[in-house]
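In what follows, every chain begins at residue 1, and chains take the letters A, B, ... in the order their sequences are listed. Because only heavy atoms are used, hydrogens play no part in the values below, and waters and symmetry mates are left out as well, while side chains stay in.
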2 protein chains.
Amino acid sequence: MQIKEVIESSKRHWQTALPHLSIDCVVFGFDQQKLNVLLLKLKDNANNWILPGGYVLKEEALDDAAKRILKERSGADKIFLNAFSVFGNLNRSEGYFKEYDDDLWHKQRFVTIGYYALVDHTSVTPVIDPSSEDCRWMPIDELPEMVMDHKNIIGNALATLREQIKYKPIGLNLLPEEFTMPELQRLYEAILGYKLNRGNFYRRITRFNILKKLDKERKGGAHKAPILYSFDEDNYQKALNDFSW
Amino acid sequence: MQIKEVIESSKRHWQTALPHLSIDCVVFGFDQQKLNVLLLKLKDNANNWILPGGYVLKEEALDDAAKRILKERSGADKIFLNAFSVFGNLNRSEGYFKEYDDDLWHKQRFVTIGYYALVDHTSVTPVIDPSSEDCRWMPIDELPEMVMDHKNIIGNALATLREQIKYKPIGLNLLPEEFTMPELQRLYEAILGYKLNRGNFYRRITRFNILKKLDKERKGGAHKAPILYSFDEDNYQKALNDFSW
DNA sequence: TCTTATTGCTTCATTATGAAGCAATGATAG
DNA sequence: CTATCATTGCTTCATAATGAAGCAATAAGA
């Protein structure tokens, strides 16, 4: 079974994009509970999910390509994007298009640039494009079956994020404008995959000096109202660039 | 002036390699004093130096390509290699081949994968291949004029190395089998670009537990003979993989 | 044999971290 | 309208890591 849309897009790609090079985006979002990634399911691809991805136009910078791809999928515009690795093994896509002719674009040997993106989960609306059947957030600890090495790419992105979080602040792009200390802690725990001591987290984050305490609280919860914070973006950037030994 | 060799190699590359994709290697070596990179000068390229680089064969994994390229240049075989970034801006090579026809391989738009390599300076003999005029070690703080964005690539590689060194051991690939504590410290200082306190360095490295103290000293120096060490490779690997918050 | 620079390793003060706890608070149940 | 409860803000205490400095040992050269 050869799907007409796939063949059509193949023709388009050969004319407009750099061959053998693709981009896959691991989009992280946080929903107060868990760390999620944005996944989609192609119409022709049984039960397997894929990362949002695409190709690099012949006259397009890599970062621009990644931004474009993400905007198409998520509608989101101002997104924190970072190329974290390259996946260049052979036969990455072997088997997935075996019913098609050899000159099918998607059947070529591809080197994929892995980007990860950090987005505020609440400001993204997953977009289901014509060739997709579904597009949604999936928690990183319950990933579905995925195509090719996409699960590995996610694992790699997560590992990168976990390294970052050790010595750099995180959250600016993952949390809404205003948030509470427990929310920030839950984000850290979701990324790291384990619980942190509350008092020590409070002390450490406070000393980082990246938070502005707002003069209001989040009322309506079941218990004591937590104080709202926002990031001090100047100090946040400074902390991103600092390092010490 | 169009150089025949360049045109010949262009034809070869179109047949054998993935178009639009190249690899550049930042090879770091340490010579007891300074951190160096391996650079070469092409015959046709005036006074500009370049990073050793090459192309990815159509049926070749990325890491294999990088290994092959490095082996050709340095003769070295067992080398620590790591892809650290991708450089995909437009017009990276603009101007360098402007006298050639547009179908010249080297004139295409290239996305470059940046690898950095750590080698024992003493075990590498720079190889001057037919298209090169020179190939040598250059100290990172006195780099010559370089082609395209190659200086930026080196800066990027160095930044990556400096991040690594903060929380992971380094030296296994940069130092000879046996070395002294002051030598290791000088390596750290060369990478970081500033001096470290001697006693604290000693204490920290010792606590890392990655060194085996050998039962001999380096005699012949001008002063007290320093003890020789080698790396405990098991613990070294463990330290590479560990992390904590 | 005395001087010198260097090395191995320790000491002391300061700071960061892990573990635990106390008082305040806001919603809810009685 | 008060008692209960989980949660929060923030602190305390013990322990570990770090920065700065110093002391004794030592190999080479004067």
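- Residue R198(A) contributes atom CZ, which lies 11 Å from atom C1' of dC22(C) at whole-angstrom precision.
- Of the two residues contacting DNA chain C, namely T180(B) and A222(B), the nearest-nucleotide position lying further toward the 5' end is that of A222(B).
- No salt bridge links R218(B) with E178(B); every basic N to acidic carboxylate O contact stays at or beyond 4.0 Å.
- The aromatic ring centres of Y115(A) and F84(A) sit 6.0 Å or more apart.
- Of the two residues near DNA chain C, R203(A) and A225(A), the one whose nearest nucleotide lies more 5' is R203(A).
- Taking atom CZ of residue R218(A) and atom P of nucleotide dT7(D), one finds them 16 Å apart after rounding to whole Å.
- Distances shorter than 4.0 Å separate some side-chain N or O of K213(A) from OP1 or OP2 on dC10(D).
- Spacing between atom CG of D215(A) and atom P of dG9(D) amounts to 14 Å, rounded to whole angstrom units.
- Between dT7(D), dT17(C), dT7(C), one nucleotide has an atom nearer to the side chain of P226(B) than all others, and that is dT7(C).
- Between K224(B) and E217(B) no salt bridge is recorded (no basic side-chain N to carboxylate O distance below 4.0 Å).
- Per the geometry, CG belonging to L196(A) stands 19 Å off P belonging to dA16(C), to the nearest Å.
- Dashed line: the shortest gap from a side-chain N or O of Y202(A) to OP1 or OP2 of dC10(D) is under 4.0 Å.
- Within the structure, every side-chain polar atom (N or O) of K195(A) is placed at least 4.0 Å from both OP1 and OP2 of dG18(C).
- With dG18(C), dT7(D), dT26(D) as the candidates, the nucleotide lying closest to the side chain of N200(A) is dG18(C).
- For the OP1/OP2 pair of dG26(C) and a distance below 4.0 Å, the side-chain nitrogens and oxygens of K219(A) include at least one atom meeting the criterion.
- Rounded to an integer number of Å, the gap from E217(A) CD to dC10(D) C1' is 15 Å.
- Under 4.0 angstrom from either OP1 or OP2 of dA17(D) there lies no side-chain N or O belonging to R204(B).
- Using cut-offs of 30° and 60° for the angle between ring planes, the Y188(A) and F201(A) rings count as perpendicular.
- Under the 6.0 Å cut-off for aromatic ring centres, F179(B) and F231(B) qualify, their centroids lying closer than that.
- The residue Q185(A) sits apart from the nucleic acid: no heavy atom pair falls under 4.0 Å.
- For Y229(B), the listed nucleotide lying nearest its side chain is dC9(C); candidates were dC5(D), dC9(C), dA17(D).
- Look at CZ on F201(A): it is 14 Å from C1' on dG9(D), rounded to the nearest Å.
- The CG-C1' distance, from N197(A) to dC13(D), rounds to 14 Å in whole Å.
- H223(A) has its NE2 atom 5 Å from the P atom of dT7(D), to the nearest Å.
- One donor-acceptor pair, N or O on each side, does fall under 3.5 Å between the base of dT8(D) and the side chain of K224(A).
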